[in-house]
Amino acid sequence: MSPQIYKPIHDTNTITYETLLQGNKQFVEETLKEDPDYFTKLASGQTPPVLWIGCADSRVPANQITNTSPGEIFVHRNIANMVIHSDMNMLSVLDYAVNVLRVKHVIVTGHYGCGGVMAAMTHQQFGLIDNWLRHIKDVYRLHATELDLIANEKERTDKLVEYNVIENVYNLCKTSIVQNAWKNGQKLGVHGWVYSIETGIIKDMNVSTYDNANMEDVFKFK
């Protein structure tokens, strides 16, 4: 079954609790017309080759923008696609994806115009989320010399979005889960992408790695 292309809904005021349930019925009816066994096959299990660590932004749905179907991408999403070493939610997803589902690729996917990144660039307090955004501020600190030279605010924000993806790819590689997979001979690629909501195009940040050879020695498990 080929993935369904959904037209964007511009008037979100038309979406109600009831229309969501009605939409589900329509989805099931149309899917069964195309493939009567679709849900039976889907319920038999999942073997996705990819774990997607993305932003919770509603405009960046993993399956749609990669033209894949349900069952083909295992997804974890949070504010600003962060990989934080103390986040047990993310680590649990990663552990299951790598050690049970045996995914072949883990992709950290950010997007331009990320609200979390933009919020982290301000001096404003937002509440509890400030503790989460502080990790993005740390990314800014690491690259402040270059970022501070960019006068255009949008360009500076876009560059921080890219650096945030790159740093979180590094964070992903530093986890014991990924390093042990490599140590045990598991073929696992770690990648970083940035998606443009304006164009629909994914930019490969060219930081893909399949081992810890280039990792700082202090982070390596031996």
Might you work through the ring pair (Phe, Tyr, Trp, His ring centres under 6.0 Å) test for Tyr38 and Phe27, ending with a clear yes or no?
CA-CA 12 Å; Tyr38 177 77; Phe27 161 68; 7.1 Å; no
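- Sorted by first and then second residue, the side chain to side chain donor-acceptor pair (under 3.5 Å) pairs involving residues 113-135 (not counting sequence neighbours) are Arg134-Asp138.
- A donor-acceptor distance shorter than 3.5 angstrom exists from the side chain of Asn168 to the backbone of Val83, with no hydrogens or angles considered.
- Residues Ala181 and Val98 share a closest heavy-atom pair of CB-CG1, 3.7 Å.
- In this structure, OG1 on Thr19 lies 11.5 Å from CG on Asn24, to the nearest 0.5 angstrom.
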Let's go through Tyr96 and Phe74 carefully: what are the C-alpha distance in whole Å and the side-chain angles of both, what is the deciding distance for ring pair (Phe, Tyr, Trp, His ring centres under 6.0 Å) to 0.1 Å, and is it a yes or a no?
CA-CA 10 Å; Tyr96 186 77; Phe74 197 61; 5.8 Å; yes
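- How far CE of Met88 is from CD1 of Ile84: 13.5 Å, rounded to the nearest 0.5 Å.
- Proximity of a side-chain donor or acceptor of Glu72 to a complementary backbone N or O of Ser69 within less than 3.5 Å is detected.
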Should Lys174 and His85 be marked as a side-chain contact (heavy atoms from CB on, under 4.5 Å) after you check the CA-CA gap, both sets of side-chain angles, and the distance that decides it?
CA-CA 9 Å; Lys174 294 170 188 174; His85 71 277; over 6 Å; no
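- For the residue pair Asp204 and Gly192, the shortest heavy atom distance occurs at OD1-O, 3.6 Å.
- Put simply, the side chain of Cys55 reaches to within 4.5 Å of the side chain of Asn81, judged on heavy atoms.
- Using a 4.5 Å cut-off on side-chain heavy atoms (C-beta onward), Asn212 and Phe221 make no contact.
- Each of Tyr195 and Met118 belongs to its own hydrophobic cluster when Ile, Leu, Val, Met, Phe, Trp and Tyr are linked at side-chain heavy-atom distances under 4.5 angstrom.
- To the nearest 0.5 Å, atom CG of residue Asn214 and atom NZ of residue Lys220 are 7.5 Å apart.
- The hydrophobic clustering, which links ILVMFWY residues whose side-chain heavy atoms are closer than 4.5 Å, places Ile79 and Val139 together.
- Without hydrogens or angle criteria, Asn152 side chain to Glu155 main chain gives a donor-acceptor distance under 3.5 Å.
- Between Val190 and Trp182 there is a side-chain heavy-atom pair separated by less than 4.5 Å.
- In plain terms, the two heavy atoms of Ala97 and Leu51 that are nearest each other are CB-CD2, 3.8 Å.
- Here the side chain of Arg77 pairs no donor or acceptor atom with the backbone of Ala62 at under 3.5 angstrom.
- At a threshold of 4.5 Å between non-hydrogen side-chain atoms, the residues His111 and Asp57 count as touching.
- Contact annotation: the side chain of Leu147 never approaches that of Met121 to less than 4.5 Å [non-hydrogen atoms, C-beta and beyond].
- Rounding to the nearest 0.5 Å places CD1 of Ile65 at 10.5 Å from CD1 of Ile201.
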His191/Val169 under side-chain contact (heavy atoms from CB on, under 4.5 Å): CA gap, chis, key distance, verdict
CA-CA 7 Å; His191 317 273; Val169 168; over 6 Å; no
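- The heavy-atom pair separating Arg156 from Tyr140 by the smallest distance is CD-OH, 3.6 Å.
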Hey, mind stepping through Leu94 and His76 against side-chain contact (heavy atoms from CB on, under 4.5 Å) and telling me if it holds?
CA-CA 9 Å; Leu94 179 64; His76 173 77; over 6 Å; no
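- Residues Tyr163 and Val108 share a hydrophobic cluster, clusters being chains of Ile/Leu/Val/Met/Phe/Trp/Tyr side chains in contact below 4.5 Å.
- Around the NZ atom of Lys104, the shell of radius 6.0 Å holds no more than 12 heavy atoms that belong to other residues, nucleotides or ligands.
- By the 4.5 Å heavy-atom criterion applied to side chains, Val106 and Val178 are not counted as neighbours.
- Tracing side-chain contacts under 4.5 Å through hydrophobic residues (I, L, V, M, F, W, Y), one reaches Val194 starting from Ile136; they form part of the same cluster.
- Salt bridge present: Glu162 and Lys159 bring a charged side-chain N and a carboxylate O closer than 4.0 Å.
- In this structure, Lys222 pairs ionically with Asp217, as a charged nitrogen and a carboxylate oxygen lie closer than 4.0 Å.
- Looking at Asn171 and Met82, their side chains never come closer than 4.5 Å, going by heavy atoms from C-beta outward.
- Put simply, the side chain of Lys137 gets close to the backbone of Ala120: a donor and an acceptor are under 3.5 Å apart.
- Taking CD of Glu18 as the start and CG of Leu21 as the end, the distance is 7.5 Å to the nearest 0.5 Å.
- Scanning both residues, Val161 and Cys114, for their nearest heavy atoms gives CG2-CB, 4.3 Å.
- Residues Val103 and Leu188 have side chains in contact (heavy-atom distance under 4.5 Å, counting atoms from C-beta outward).
- A distance-only check finds no donor-acceptor pair linking the side chain of Thr31 to the backbone of Val28 [under 3.5 Å].
- For the pair Lys203 and Tyr112, the tightest heavy-atom approach, listed with the atom from each and the gap, is CD-OH, 3.4 Å.
- Atom OG1 of Thr66 and atom CH2 of Trp193 lie 6.5 Å apart (nearest 0.5 Å).
- Under the 4.5 Å side-chain contact rule for hydrophobic residues, Val93 and Val75 do not share a cluster.
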